[in-house]
Amino acid sequence: MATYPFQEIETKWQKYWKEEGTFRHVSPEISTDPKYYVLDMFPYPSGAGLHVGHPLGYIATDILAKYYKLKGYNVLHPMGFDSFGLPAENYAIETGTHPSITTEKNIQRYKEQLEMLGLGYDDTAEIRTSDPSYYKWTQWIFIELFDCWYDNKLQRARRIDELVFHLSKNGTENLFAVTSIQDSITADDWNSMSEPEQQKYLLNFRLAYLSFTPVNWCPALGTVLSNEEVKDGVSERGGHPVIRVPMRQWSLRITAYADRLLAGLDTVEWPEPLKEMQRNWIGKSEGLELAFEVEGFNHGIEIFTTRPDTLFGVCFLSLAPEHPLALEISSIEHKKSVEAYIEKALSRSERDRISDTKELNGVFTGVYAIHPLNGNRIPIWVADYVLAGYGTGAVMGVPAHDDRDFVFAKKNSLNLKIVIEPNKQHDFNKGAWVLKEGLIIDSDFLNGLSVEIGIQKVIQTVEEKGLGQRKINFRFRDAIFSRQRYWGEPIPIIYKDGIPYAVSKSDLPVTLPEVISYKPTGNGDSPLASISDWVNLPNGYQRETNTMPGWAGSSWYFLRYPDSSNNQFFCANANEKYWMNVDFYLGGAEHAVGHLLYARFWTKFLYDLNHITHQEPFQRLFNQGMILGYRYFLEVDIERKIAFNKPGNENKIPKNNYKKLEVKQDFIDNKGFFIKENLNLLLERNNLESLEWKWEDSNTFEVELGLYTDKMSKSLGNVVNPDDMCKTYGADTFRMYEMFLGPLDQPKPWNTNGISGVHSFLKRWWNLMVDESGKLLLTDEIVTNEENRFLHQLIKKVTDDIEKLSFNTTVSAFMIFVNKMNESKCCKRLIMLPAVICLAPFAPHFAEEIWMKAGNTRSVFLEKFPIYDDNFLVSNTFEYPIQINGKTSNLRLSFDINKNKDEIGQEVIKNEGVNLLLKGKRLLKLIVVPGRIINLVIE
RNA sequence: GCGGAUGUGGCGUAAUUGGUAGCCGCGCCAGACUUAGGAUCUGGUGCCGAAAGGCGUGGGGGUUCGAGUCCCUCCAUCCGUACCA
């Protein structure tokens, strides 16, 4: 029997494709074909190399790319590396190795692995974010952001020049700009400002701006993080605590684009849950902003509410600890306690804040506000459940109709006033009535109105009286853009007397200088700050020493691939117009609110400046499910010193006695059972006394372990590499097996149990077509209708399934096909060669080898994908299952496919077998669904 | 709390979108070839039952001639998010 020489053919064709450039894209100047741009999410080249989870998506996009190529498209399927980032830098801090060296090594390893899998990435398009020829353009885009402001009326970014012109003519009159300040100025005010004053003022408008705001400071990483990089109060990378401290930082005014980021979601084909996550993250809410006067002060406190209908139910006001008026208004006798409270609240870490979200504490300021509509006196409190960064940093407390206000009022013995009539069962001793149902009561001119109408009426009244206005707020914040780290893009800014100016575009890139130490200084300066001859320019100016965050380079990289070596522009217009946007983008859902939001923002911004022609970067997006790793544990009772032979004892023994001991691979035999002799060693590893232990069942030799499934990660030690699999079974088997595992979007634990089945399928196909001497057995015999039907069923299935990304079912369709062909030992040219073309996207080396053996001289990927013919798919009879009252019987009756309902019905009634089934019962109804089923309804 | 997803044999899964539940593969059982098998081939394999037959898509209810699929309700698991006024 011939062996299937996968090792030999895989290296052979990988080399051939590389030399021939088979999978390179064609420039739009030359190509007349439609384009197809497939993209994988940008990987960070980590030192661990690829694990089996990464290729899942890469294989899927590779199949798409190869399929579309066979369909006649000009395909761009590139790969690059998001090569700036913390791991390489942390490694540099530990070892002194320059991050670029580590990064280069890791990239080489990634590339080898990708090639080993037969992934046909276009090597001419490869990019790296840490390459100066790339980050030159990242810096260039930053300068464009610095040079723009956002016009709310035109709903687009405009040049700062135009803003300056407007200010000099009209001041802020008729200016609908997104800005950090509320004050209005006149043209005279503007014109009388000095140059530094003007520049300072303009920072309130620039889309890349410098501001002094509370930021997520991570002492362990020595850097500031964006909201998207903080999870549960700790850093997403490394899990270090994060605290809020005010610092001078670069931010990007992404909030200006909030509405367009929301609206754009309706134009793209993304999974609905992902769109929903972005909508929630942006968090648009409509409400009323209004001012309460403060007794004894001449300025009021602005609050924001989405429930203005409950305005008459206000029992207190709460200010965020950071609120500028919090201390100022406090009465003399309360000043001390307020001060102490604020100090304590501000020094708390984010994690502490989160850990007691149920505890709503606060402190009374000793002063009262005046209700703007009924003149009532309302106590003002300071409370840290009020966030400084949202709305106005102050809220009106309506304990009867808001959960938090209810808890706060109860804790601090404040009043509760009911202004919406709840349903009868509701008990105000137990909680607030928060539903927007019921009629308004005790509220002057609102009495008897519904919530919905009440809201509109209050807003209208308040606006008429000039007390406040309708307002839309967004949950998400401007993105903090500076990092106090070494291994990132330098921010292209220089300071003249403390005022930031953009580096001239002709001086880009601002390259990263060499440093002696990669360590963050810990006082908020980046390592760059210590290189004084880099920082201090000959003309007396200073360079910005912060670097850009990890997401800077990935926010526009998809625009670079179509023209990756252009050094005149980030992407020539013709190339951008032809290739963008990305037809198919595949990656994990973890980028939902970070990368995907920033990339959309930069795309819209570049569109506003006419640099590109598309507003949305990714037309169709798909999230692959994560591949999970297994870890194993053994259950023990530490009190009675018993080890269990089977998992599932958690609830059988007292909680304090129960323990799960993690078992590493070295204590597990090749059937997955625990090796009993290792019990003592395991106990010692877990620092347990190992004497006198017993097995629950000492007679059974096999010990089943419990399973944890979690994300594959180096730290959990559950990572599986594709390398060994590829060596044993070959890349084609590995590719098909990963696809065979199940639907692409479902998370699934990695499990190699089935890989031999996929491998023997390929072997069967090989043996069907190739004899022992390696010669192809193709024949030119006449093809039967049945064989044609099997072939065309296959073509149809593959075509349909690829469009749906249902690759697992495609693999099984190939298996069914080969099983059928094997039954008759069919090796006919007209059947087998089209099937090989179908297989090519999935098992490219296998297909290429057979294709070339068949006497062809150019790659199978230069062929045309076969098209199925419906005429071969239909058979002329259908075997109807016969149901009695909806239950399927054993009886089957064949009828011509073209026979209509009535004809079939007539014959069914006459049929002997049917009458036997009826057992003499009366037939009430006969249902015939042509091509599907026959159902007899009897009494 | 809120939002989303998922639940089908021992396991991974499939089901023409309301029409024969369990395709394909793993595992398991039996057999063939073999010095040997973690190779290959053949047959079997949802569960209960000797069989006839009955039961069966997380649980309960409903719509329908007919429900894995639609509706209501409950449960479990996973993911995201969290004081957003």
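- Regarding contacts with the backbone of B/A21, a side-chain N or O of A/T888 is found under 4.0 angstrom from either OP1 or OP2.
- With the 3.5 Å cutoff on both pairing distances, Watson-Crick and G-U pairs in RNA chain B assemble into runs of at least 3 at B:1-7 with B:75-81, B:10-12 with B:24-26, B:27-32 with B:40-45, B:46-48 with B:53-55, B:58-62 with B:70-74.
- Distance from the side chain of A/N751 is smallest to B/C11 among B/G3, B/A85, B/C11.
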Report all side-chain donor-acceptor pairs from residues 741-749 of chain A shorter than 3.5 Å, counting only partners two or more places apart or in another chain.
unit_1 : atom_1 : unit_2 : atom_2 : d
A/K748 : NZ     : A/P743 : O      : 2.6
A/K748 : NZ     : A/Q746 : O      : 2.9

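- On the P atoms, B/C47 is 14 Å away from B/C29, given to the nearest whole Å.
- Between the C1' atoms of B/G46 and B/U42, the separation comes to 23 Å (whole Å).
- Heavy-atom distances to RNA chain B give each of A/K763 and A/V395 a nearest nucleotide, and the one nearer the 5′ end belongs to A/K763.
- A donor-acceptor pair is defined here as one N or O able to donate and one able to accept, closer than 3.5 Å; no such pair exists between the side chain of A/S235 and the backbone of A/V230.
- Spacing between atom CG of A/N767 and atom P of B/U40 amounts to 10 Å, rounded to whole angstrom units.
- Non-hydrogen atoms lying under 4.0 Å from RNA chain B are contributed by A/F304, A/T305, A/T306, A/R307, all within residues 304-312 of chain A.
- Atom CG of A/L791 is separated from atom CZ of A/F817 by 5.5 Å, given to the nearest 0.5 angstrom.
- Side-chain to base pairing of A/R932 with B/U20: no donor and acceptor N or O lie closer than 3.5 Å to each other.
- Open room surrounds CD on A/E452; 12 or fewer heavy atoms of other groups in view lie less than 6.0 Å from it.
- The residue among A/I933 and A/D402 whose nearest nucleotide of RNA chain B is located toward the 5' end is A/I933.
- Looking at the side chain of A/N819, the nearest of the listed nucleotides B/U40, B/C24, B/A85 is B/C24.
- Residues satisfying the side chain to side chain donor-acceptor pair (under 3.5 Å) criterion with A/E823, sequence neighbours excluded, are absent altogether.
- A distance of 9.5 Å separates CD1 in A/I904 from CZ in A/F878, rounded to the nearest 0.5 Å.
- As a whole-Å value, the separation of A/H759 NE2 from B/G38 C1' is 13 Å.
- In this structure, of B/U40, B/G4, B/U6, it is B/U6 that holds the atom nearest to the side chain of A/Q746.
- Separating the C1' atom of B/G49 from that of B/G54 is a span of 8 Å, rounded to the nearest Å.
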Name the pairs: protein N/O against N/O of nucleotides 44-53 of chain B, kept only if under 3.5 Å.
none

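- For the side chain to side chain donor-acceptor pair (under 3.5 Å) test, residues two or more places apart in sequence or in another chain that qualify with A/R764 are A/N819.
- At a non-hydrogen distance threshold of 4.0 Å, A/N808, A/T809, A/S812 from residues 789-813 of chain A come into contact with RNA chain B.
- Between B/G7 and B/U69, the distance separating the two C1' atoms is 14 Å to the nearest Å.
- Residue pairs meeting the salt bridge (charged side-chain N to carboxylate O under 4.0 Å, His left out) criterion with at least one member in residues 304-321 of chain A, sequence neighbours excluded: A/R307-A/D309.
- The P atoms of B/U77 and B/U8 are separated by 14 Å, rounded to the nearest whole Å.
- For B/U81, the OP1/OP2 oxygens have no side-chain nitrogen or oxygen of A/R279 closer than 4.0 Å.
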Report each atom pair, protein N/O against N/O of nucleotides 65-73 of chain B, whose distance is under 3.5 angstrom.
unit_1 : atom_1 : unit_2 : atom_2 : d
B/C65  : O2'    : A/N935 : ND2    : 3.3
B/C65  : O2     : A/N935 : ND2    : 2.6

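- A/A258 meets the side chain to side chain contact (heavy atoms under 4.5 Å, CB included) test with A/I282, A/F474, A/F476; sequence neighbours excluded.
- With rounding to the nearest 0.5 Å, the separation of CG in A/D870 from NZ in A/K796 is 6.5 Å.
- Separating the C1' atom of B/C78 from that of B/A30 is a span of 40 Å, rounded to the nearest Å.
- Around NZ of A/K411, the count of heavy atoms belonging to other residues, nucleotides or ligands within 6.0 Å exceeds 12.
- The side chain of A/Y385 lies closest to B/C83, out of B/C24, B/C83, B/C26.
- Nucleotides B/A32 and B/G18 have their P atoms positioned 49 Å apart, rounded to a whole Å.
- Under the side chain to side chain contact (heavy atoms under 4.5 Å, CB included) criterion, A/D801 pairs with A/K797, A/K804, A/S806, A/T809, A/T810, sequence neighbours left out.
- Residues meeting the ring-ring contact (aromatic ring centres under 6.0 Å, His included) test with A/F790, sequence neighbours left out: none.
- Comparing the C1' positions of B/G25 and B/C74 gives a spacing of 35 Å, expressed to the nearest Å.
- Here the two rings, on A/Y4 and A/F846, have centers that are under 6.0 Å apart.
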